[in-house]
Protein chains: 2
Amino acid sequence: MTRKPAPPAGAVTIIDVAQAAGVAKTTASDALRGHGRVSPATREAVVAAAARLGFSINRSARSLRTATTGAIGLYIPQVLAHTEHYMSFIYGVVNEAAAFDYDVTLIVASGHAKHGYAPHVDGIVLIDPVAEDPMIQRLLDTGLPIVSSERLLGPRQTTGVVWSNHAHYFTLLLEHLAERGARHPALIASTTHSEWSFAVQQAYADWCRAADVAPHQALAPFAAPPPRLQEIARAMVTDAPEIDAFIGAGDGVAAAVAQALASDGVRIGSRMLIASGVDSSATLAAQPPITAINTQGGEGGQLCARLLFDLLQGRAEPGVELELPLEIYYRASTAGNAGHISSRPGRKRGS
Amino acid sequence: MTRKPAPPAGAVTIIDVAQAAGVAKTTASDALRGHGRVSPATREAVVAAAARLGFSINRSARSLRTATTGAIGLYIPQVLAHTEHYMSFIYGVVNEAAAFDYDVTLIVASGHAKHGYAPHVDGIVLIDPVAEDPMIQRLLDTGLPIVSSERLLGPRQTTGVVWSNHAHYFTLLLEHLAERGARHPALIASTTHSEWSFAVQQAYADWCRAADVAPHQALAPFAAPPPRLQEIARAMVTDAPEIDAFIGAGDGVAAAVAQALASDGVRIGSRMLIASGVDSSATLAAQPPITAINTQGGEGGQLCARLLFDLLQGRAEPGVELELPLEIYYRASTAGNAGHISSRPGRKRGS
DNA sequence: CCTAGTTGCCGGAACGATCCGGCAAAACGA
DNA sequence: TCGTTTTGCCGGATCGTTCCGGCAACTAGG
């Protein structure tokens, strides 16, 4: 005992536990993690001793020996961060990881710019990955198992995918608008190169062609400031006065547009229908409340984490894809001329 | 070499580097971390060899030897999570940690319910801690260095504190409202037992007493759904028709209230002034845009992380407190009858 | 030239958990 | 009863890094 880097108060090791239980350290280890052959009586004694001494395992030592880290990484492009969907997603991931006794380490693009960067994790969850993002390329280069929420566009693939059929739900939304009297629905989509963004635009284009109406589409950056979005919407209705409905794809778009048009004297919900591709408190706060797709952030995060652990622990094969079903909340912003919809009616599930 | 848990392809150790550079492992270690006595020529050779071999350190081994983890924890009560302030805060923490080559591990209340819970980190950042939160008590019990954004109320203290003078900025906001013609400003505050919440209510009470006006205050849970907030606001104006201004303390409160009153025909910005204690995209999206305090989430997170590293590395003493200055964005929602304020004027800094 | 101090580098012992292989004792089969 | 297997437990090596102590070689002072 020449030196101790830090003589920590609560430094009870597995050897202490073993001694307290009157067994060897190997037996204590086996008993605690249920690995070797240990009699029930001995196991019980070890567990009791561990509890009594307040033993908590030294993860660094375990990591070193087992060549694992006990953590998974979570990468969130900064541009996406300011929306409720992603906050919920994060909670889904962290809660699920906690159930597996894993930590979650946040990975951001900044710093770590070195070429051979590899985060100190066993696997990674990606949120809505954009193929061009250099950080994502770097993460793929690590060779770690990676699960992404939405597919990664381009030649390279992630180990696992959790995806939703956004085209389907947008089509449902468009049909709903048509049913409520909208003849010329417009779309404000996002410029991001993600599967979600493309699926939305494709669904809109397909629907317009099938319905034989001229598309009115504008693009805005995902995190565009509300005034910019409002400017775009106003320009669109000036340019094409026949527009009688808006779908805002990204978070906050529909709410911002609704506010602008309402303050211009347009009657939202009758003369002009509004729907959002992403639900959030903004769609609920709007007057009237805005019909929206619930993108199930928390469930998505949980599912991604679960899939990653399945991959790490051999319960799933690389290449697996899971579908996450969504919901549409129909609200007064798409009531139409026909009738009235209460503030938050029973949900109608898509698919 | 009996077995390797995982025979990883890129497993280049510091011994490989040392051999490549023709020195002993000790010298290689010293050279890379600049610790011992190494001649410049040798250091250079080692660094070159490390780069050539693509050496990246095994953090588990380092952690084991040095009794550190290379990570800090970040605790965010789930109820707070759905606001932009906290997302920015997270980025601030993670970016700053990356600059110190530290990881950030998210800590959530779920799971880990065991008594002797201790996260695998060197220190912890708390966001707006609530004294009653049992998780916070548990974290305090770990004995790890803890920095909190806003003071922790109650007998126990954190190792370091980053705080803002919210009372000051709310007073400025109230004075601004008065200046613009408001005689009976109402406050919708938050029920959370945080320093921020109390400071806000205290500042309002003090100002009302000094100005000799009757206070009109309501409380709502921090994450109250917008319809509930709107209901509260409508009840307040029905009850006290003299109210001519609202301050919504929490994120989204002011925007929700503004929407409700506007749709009731109240002219926001002249007949009724609106201000928010927290800036977000919702205050910008509102028509008219809403005057708000910028709570500097990103800067707060960065400052907390920096202070934590200062404490960890002995550059700061326990008990230190840092003040984070805020800003007020004056917007059209508080233009008043007198004149007109453009959508986003030059900022006016408080104190 | 001799001693004391400095510089540059190295061997080896930790850190705490895991797990391979071994070895008694107990259980089993005939 | 005597081999053979199974059970229960253990010693010791190992993961990759850090850092203490030591040891030559060199420098400086007198």
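No hydrogens, no waters, no symmetry mates; every other heavy atom, side chains included, goes into these values.
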Nearest listed nucleotide, side chain of [X], among [options]:
| X | options | result |
| --- | --- | --- |
| A:N58 | D:dC9, C:dG11, C:dA17 | C:dA17 |
| A:R33 | C:dC19, D:dG16, C:dA17 | C:dC19 |
| B:T26 | C:dG12, C:dT18, C:dG8 | C:dG12 |
| A:T66 | C:dT18, C:dT7, C:dG11 | C:dT18 |
| B:L64 | C:dA13, C:dC9, C:dG16 | C:dG16 |
| A:R65 | D:dT7, D:dC19, C:dG16 | C:dG16 |
| A:T27 | C:dC9, D:dC10, D:dT18 | D:dC10 |
| B:T13 | C:dG16, D:dG11, D:dG16 | D:dG16 |

What integer distance in Å separates [X]:[atom1] from [N]:[atom2]?
| X | N | atom1 | atom2 | answer |
| --- | --- | --- | --- | --- |
| B:R59 | C:dC15 | CZ | C1' | 18 Å |
| B:H120 | C:dA17 | NE2 | C1' | 12 Å |
| A:Q19 | D:dG11 | CD | C1' | 15 Å |
| B:L32 | D:dG16 | CG | P | 16 Å |
| B:D30 | C:dC9 | CG | C1' | 9 Å |
| A:I14 | D:dC15 | CD1 | P | 20 Å |

Charged N-O contact under 4.0 Å between A:D141 and A:R156: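 Yes.
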Charged N-O contact under 4.0 Å between A:R59 and A:D101: yes
OP1 or OP2 of [N] versus the side-chain N and O atoms of [X]: is any pair under 4.0 Å?
| X | N | result |
| --- | --- | --- |
| A:S39 | D:dG8 | no |
| A:T42 | D:dC9 | yes |
| B:H35 | D:dT18 | no |

Sugar-phosphate only, base, or nothing, as touched by A:R62 at under 4.0 Å among non-hydrogen atoms: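 Result for A:R62 = sugar-phosphate.
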Sugar-phosphate, base or nothing in reach of A:A61, heavy atoms under 4.0 Å: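 Here A:A61 touches the bases of the nucleic acid.
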Under 3.5 Å donor-acceptor, B:D122 side chain and B:T68 backbone: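 Absent.
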Check: A:T66 side chain, A:R62 main-chain N or O, donor-acceptor pair, under 3.5 Å: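 Looks like yes, one N/O pair under 3.5 Å.
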Considering all heavy atoms, the nearest A:T158-A:L126 contact: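 Heavy atoms of A:T158 and A:L126 come nearest at CG2-CD1, 4.1 Å.
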Whichever of A:I15 and B:G22 has its nearest DNA chain C nucleotide further upstream toward 5': B:G22
Upstream residue (5' side of DNA chain D) when A:K25 and A:R37 are each assigned their closest nucleotide: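 Whichever sits nearer the 5' end wins; that is A:R37.
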Ring geometry between A:F309 and A:Y102 (parallel below 30°, tilted from 30 to 60°, perpendicular above 60°):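 A:Y102 vs A:F309 ring planes: perpendicular.
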